[in-house]
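Just so it is clear, the values below take in all heavy atoms, side chains as well, and ignore hydrogens, waters and symmetry mates. Atoms within each ligand, like the ligands themselves, are counted from 1 in listed order.
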Amino acid sequence: MKFTPTEDQQAVQATARDFATHEVLPKAAEIDREHRHPAELVKRMAELGFLGIAVPEQYGGSGLDHVSYVLAMEEISRACASTGVIMSVNNSLVCDPIYRFGTEQQKQEWLTPLASGKLLGCFALSEPEAGSDAAAQKTVAEKQADGTWVINGTKNWITNGPVADVCVLFTMNDKAAGHRGITAFILPMKTPGVRVGPPDDKLGIRGSKSSQIFLDDVRLSQGHVLGEVGGGFKVAMSTLDGGRIGIAAQAVGIARAALEDALAYAQQRRTFGKPIAQHQAIQFKLADMATEVDAARLLTLRAAWLKDQKLPYGKEASMAKLYASDVANKAAREAIQIFGGNGYVTEFPVERHFRDAKITEIYEGTSEIQRLVIAGHLAKGG
Ligand SMILES: Cc1cc2nc3c(=O)[nH]c(=O)nc-3n(C[C@H](O)[C@H](O)[C@H](O)COP(=O)(O)OP(=O)(O)OC[C@H]3O[C@@H](n4cnc5c(N)ncnc54)[C@H](O)[C@@H]3O)c2cc1C
């Protein structure tokens, strides 16, 4: 067992840290305050090869591994969780399923521009009445006599929805077949009948644009079906297994931001004649935060490593997301406590970490759903 990243992994981490520190962090507060999609940072991530890290170079990606992806995600999310999730969705929820389930033609046409950052993707599974219960899809795809699919429905909370060029879309084409009646499509967002709702007004990750997507008699050819007809649920669930590693890394980044900001503040803020970092109550908080951030990172790296080894990783990805999201929320809460009154105002960054952390317990499967997934693996002896 080795705990040292390879030279390639260290190089990605160093590049991501440099970019995050010098280009992302200085803008994070403004992106949050203005609810602004950071288009210029997305462009830079494309140039740095961060939008398709684990996609082979022949399809426009960086040809690296998922450990590298996790290392980069942590750095960027440490600076700005909104920028982190834009990157995570494109890598994990869009490029990954097209790489694993797409035909050669689909990879040439869609994966190559997505992985190189010429296009940006979104992933539309959730609906007003299908969140945790993702199989309860009401968006309907009907095949016509000429082979064309006609799609009608509404998708909810779609990250990157207002700014995406391409969508990995899930539909029900055979209700009687239950989850085996779900089919995935690659949907160009400019297709007639696609309408994007206004951006959601959110508690946190305010620079990440999400919205409803309305589908009104959208017509797609058979060439847009991703994977097999009726195989969409498998595409969705296996994609979310990988996505959870990315969100775990986002959570580690937010937790680390809370820890680093709290440590720096505690070293300069003085009460009762000494820095608060010398009061044992504050030291214990910082020690717990540091220990938990490390544990969350190790769980996340293990899940990424298993994926790279092509070993089963679903349970470990859920464990990483469950734990890291809890750690992010706890660390952000403690950071506010360490900042005292300054933790409660927008002049300092920790209230943003507190608001950003919450989403990691909700999307790509709530913490309750992660526990169900983990328990399901345990019941099967996995
Ligand atoms: C900012 C944001 C971005 C998002 N981005 C995307 C995206 O890009 N693409 C996408 O498809 N979706 C996206 N989502 C949707 C997200 O994945 C869902 O919100 C999430 O899965 C929960 O679904 P829900 O909101 O319908 O809650 P519900 O499913 O209604 O759950 C409500 C509560 O009940 C609990 N619960 C539900 N069922 C069970 C059960 N069986 N046992 C125990 N507890 C249960 C849940 O844990 C939760 O606490 C996003 C959501 C948000 C808020």
Pair [X] + [Y]: basic N to acidic O under 4.0 Å:
X    : Y    : result
R244 : E364 : no
D96  : R100 : yes
E34  : R206 : no
E361 : K321 : no
R33  : E30  : no
E75  : R256 : yes

Polar atom proximity, [X] to ligand 1 (N or O, under 3.5 Å):
X    : answer
A130 : no
S126 : yes
K202 : no

Distance under 4.0 Å to a non-hydrogen atom of [X]: what atoms of ligand 1 satisfy this?
X    : answer
E364 : 17 (O)
T366 : 22 (C), 46 (C), 47 (O)
L125 : 11 (O)
Y363 : 2 (C), 3 (C), 4 (C), 17 (O), 50 (C)

Task: Which segment of I359 sits under 4.0 Å of ligand 1 when only heavy atoms are counted - done: side chain

Task: K155 contact mode with ligand 1 (heavy-atom cut-off under 4.0 Å) - done: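 Neither part.
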
TODO: Determine the minimum heavy-atom distance between A324 and V252, stating which atoms define it.
DONE: CB-CG2, 4.1 Å

Open item on the list: Side chains of Y99 and Y59, heavy atoms from C-beta outward: is any pair under 4.5 Å?
Closed with: yes

Open item on the list: With heavy-atom distances below 4.5 Å as the criterion, would you say the side chains of L311 and Y313 are in contact?
Closed with: no

TODO: Verify, without hydrogens or angle tests, whether T112 (side chain) and K107 (backbone) share a donor-acceptor contact under 3.5 angstrom.
DONE: yes

Can a protein heavy atom be found under 4.0 Å away from [atom]?
atom                    : answer
atom 41 (N) of ligand 1 : yes
atom 1 (C) of ligand 1  : yes
atom 32 (C) of ligand 1 : no

- [ ] Measure the distances from the heavy atoms of V89 to every atom of ligand 1 and state whether one is below 4.0 angstrom.
- [x]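 Contact absent.
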
Open item on the list: Taking a cutoff of less than 4.0 Å between a non-hydrogen atom of the residue and any ligand atom, is L372 in contact with ligand 1?
Closed with: yes

Task: atom 20 (C) of ligand 1 - nearest protein heavy atom and its distance - done: I362 O, 3.6 Å

Task: Shortest protein contact, atom 29 (O) of ligand 1 (heavy atom only) - done: S132 OG, 2.6 Å

